[in-house]
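These numbers were taken from a predicted model, which means no experiment stands behind them.
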Amino acid sequence: MPVPEISPREVLVRVAAVGVGRLLDLVARAGKHPYAKFNLPHILGAEHAGTVVAIGSEVEGDVCGTIGSVRVGDRVAVYPGVSSADDVDAQEGRSEFSPALSIIGTHRPGAYAEYCAVPASNVFVVPPGMSPADAVAVINGGAVAMNQFEKVGGIRPGQRVLVQGASSALGSTTALLAKHLGAEVIATSRSSSKRKRLRELGLETLDVSDGSFAEDVRERFGDGGANLVVDNLGQPEIWQKNFEVLASGGSVVTSGAFLGREVTINLQQLYSRNQRIVGVRTGNLESAAKVWQEASRGFRSVVDRSFPFAQASEAHRYIENGGNVGRVQLAVG
């Protein structure tokens with residue numbers, strides 16, 4: 001493929017690392033993506049990091065993710081959600097609401113490539129000492145997690161947060177970000193080896209399939225239960241357990257339905273205990289900027305494994321086999 005040409009408001013990034021995601025890459029490659037159609041040949045690859053090698057003629061001053069101007073030679077991470085500057089939802093800081101939202105690697109050419117042309121507003125200068133792999137692990141999953149938190153009032157020190165399916169790239173980032181922000185966190189996985197890895201990352205863990213799960217959560221969190229449950233799984237049995245441990249006034253947030261789509265809700269419990277269920281489609285530039293501030297303060301997520309660019313198919317198979325804890329990515333440059 002030719003090196004992409006950039007528009008006046010874009011920058012050209014020489015890609016160093018690109019994330020491999022289940023929905024945006026594996027499901028899309030399998031032809032089962034629920035909201036995208038591709039004109040082949042298509043280049044996958046959403047969140048990525050690399051070096052700016054060219055800047056459009058109208059890129060000047062501050063761009064959304066950057067303090068000061070972006071310059072040729074800057075090491076950057078790229079947030080993949082793209083919205084138009086005149087989009088009303090984007091202007092109001094909720095671009096994820098917009099039907100016109102597009103995603104790099106889904107609705108436009110992605111970063112399984114040496115070079116990727118991206119809007120200047122989507123680049124974030126990487127803090128000193130942060131590797132491309134670490135940048136990729138934070139930029140998208142961190143923005144989604146931060147948006148989940150923001151939609152329910154943010155995370156305050158001492159809040160009690162339960163993250164279901166915490167071994168995924170998004171789940172592990174969510175759990176680690178909540179802990180970074182001062183919350184008490186329980187991370188769940190039904191795999192003993194994955195729970196072991198999550199504990200190595202400093203997280204308290206539980207097996208949601210244990211018959212004593214609710215009692216175990218209350219033992220660790222107290223009788224009040226969890227202030228926030230993050231469940232991106234959608235599995236009906238797990239969904240019911242969320243409400244067994246959710247505190248009065250608490251919220252369940254979901255950004256995925258990988259294990260199921262339809263669940264039941266006890267409305268009487270929901271309203272009598274002042275609880276909420278919140279759907280969060282994805283992150284946005286504002287939540288990306290907030291998580292990037294935390295990255296500058298030392299926040300990092302977990303990189304499970306990096307594959308050479310030429311082994312993209314092996315990376316897909318690795319995720320399909322379900323063994324990863326954290327972000328899998330391709331090392332491009």
Side-chain angles (χ1 to χ4, degrees), residues 18-25 34-36 45-49 63-66 76-85 87 89-108 110-111 118-126 134-155 161 163 165-166 168-178 180-181 228 230-232 251-258 278-297 299-302 326-327 329:
V18 55
V20 181
R22 184 171 293 277
L23 174 64
L24 298 182
D25 294 299
Y35 52 83
E47 68 267 33
H48 58 286
V63 294
C64 181
T66 306
V76 296
V78 180
Y79 175 71
V82 179
S83 55
S84 171
D87 187 292
D89 289 310
Q91 292 172 357
E92 295 180 353
R94 53 178 197 179
S95 59
E96 72 275 23
F97 284 44
S98 174
L101 178 72
S102 64
I103 300 173
I104 295 169
T106 298
H107 306 99
R108 50 189 290 158
V118 301
S121 58
N122 285 62
V123 302
F124 293 77
V125 173
V126 174
D134 283 333
V136 168
V138 169
I139 188 63
N140 189 37
V144 176
M146 185 65 80
N147 201 26
Q148 290 177 325
F149 300 159
E150 292 292 307
K151 289 296 188 288
V152 295
I155 294 292
V161 178
V163 180
S168 69
L170 176 56
S172 56
T173 300
T174 302
L176 290 169
L177 181 59
H180 170 83
L181 294 172
L228 172 63
V230 181
D231 183 341
N232 302 318
S251 301
V252 175
V253 177
T254 176
S255 295
F258 295 110
V278 181
V280 177
R281 178 184 175 188
T282 185
N284 54 44
L285 284 173
E286 286 70 22
S287 65
K290 288 179 180 178
V291 80
W292 216 243
Q293 290 175 350
E294 300 306 322
S296 70
R297 299 181 182 117
F299 173 65
R300 299 292 184 269
S301 189
V302 55
R327 175 60 67 197
Q329 54 190 262

**Study point:** Distance (rounded to the nearest 0.5 Å) between Ser98 OG and Asn284 CG
**Key:** 11.5 Å
Point to revise | Check: Ala295 main-chain N/O paired with Arg300 side-chain donor or acceptor under 3.5 Å | key: yes
Revision key, fill the gap. For Thr254, the side chain to side chain donor-acceptor pair (under 3.5 Å) test, sequence neighbours excluded, returns none
**Study point:** Rounded distance (nearest 0.5 Å) linking atom CE of Met146 with atom CG of Leu181
**Key:** 5.0 Å
Exercise for review: Quick one: do Val126 and Asp134 satisfy side-chain contact (heavy atoms from CB on, under 4.5 Å)? Show the steps, please.
Suggested key: CA-CA 10 Å; Val126 174; Asp134 283 333; over 6 Å; no
Check your understanding: Rounded to the nearest 0.5 Å, what separation is found between the CG atom of Asn147 and the CZ atom of Arg281?
Key -> 11.5 Å
Review point. Is the side chain of His107 donor-acceptor paired with the backbone N or O of Gly105 at a distance under 3.5 Å, no angle test?
Key: no
Practice item. Compare all side-chain heavy atoms of Leu285 with those of Asn122 and state whether any distance is below 4.5 angstrom. Key: yes
Exercise for review: Indicate yes or no: at least one non-hydrogen side-chain atom of Tyr79 is less than 4.5 angstrom from one of Asn140.
Suggested key: yes
Check your understanding: So which heavy atom on Ala178 is nearest to which on Ile155, and how close?
Key -> O-CG2, 4.2 Å
Practice item. Answer yes or no: is there a side-chain heavy-atom contact under 4.5 Å between Val82 and Ile104? Key: yes
Point to revise | Any donor-acceptor pair under 3.5 Å from Arg327 side chain to Ser168 backbone | key: no
**Study point:** Heavy-atom check, side chain of Phe149 versus side chain of Thr174, under 4.5 Å
**Key:** yes
Review point. Do you know the tightest heavy-atom contact between Ala145 and Leu177?
Key: CB-CD2, 4.0 Å
Practice item. Assess whether side-chain contact (heavy atoms from CB on, under 4.5 Å) is satisfied between Val76 and Val118, documenting all intermediate values. Key: CA-CA 11 Å; Val76 296; Val118 301; over 6 Å; no
Practice item. Search all heavy atoms of Val302 against all heavy atoms of Ser172 and return the closest pair with its distance. Key: CG1-OG, 3.5 Å
Revision key, fill the gap. Applying ring pair (Phe, Tyr, Trp, His ring centres under 6.0 Å) to His180 and not counting sequence neighbours gives Phe299
Review point. Under the salt bridge (Lys or Arg N to Asp or Glu O under 4.0 Å) rule, what pairs show up with a residue in residues 136-154, not counting sequence neighbours?
Key: Glu96-Lys151, Glu150-Lys290
Check your understanding: Can you tell me how far CG of Leu170 sits from OG of Ser301, rounded to the nearest 0.5 angstrom?
Key -> 9.0 Å
Exercise for review: For the pair Trp292 (side chain) and Val125 (backbone), establish whether a donor and an acceptor sit closer than 3.5 Å, ignoring hydrogens and angles.
Suggested key: yes
Point to revise | Heavy-atom donor-acceptor pair, Ser255 side chain to Val280 backbone, under 3.5 Å | key: yes
Practice item. Would you mind reporting whether Pro34 and Leu23 have side-chain heavy atoms less than 4.5 Å apart? Key: yes
Review point. Is a donor on one side and an acceptor on the other found under 3.5 Å between the side chain of Asn232 and the backbone of Phe258?
Key: no
Point to revise | Exercise: identify the closest heavy-atom pair between Ala49 and Val136 | key: N-CG2, 3.7 Å
Review point. Taking the side chain as C-beta and beyond, is there a heavy-atom pair between Val291 and Thr173 under 4.5 Å?
Key: no
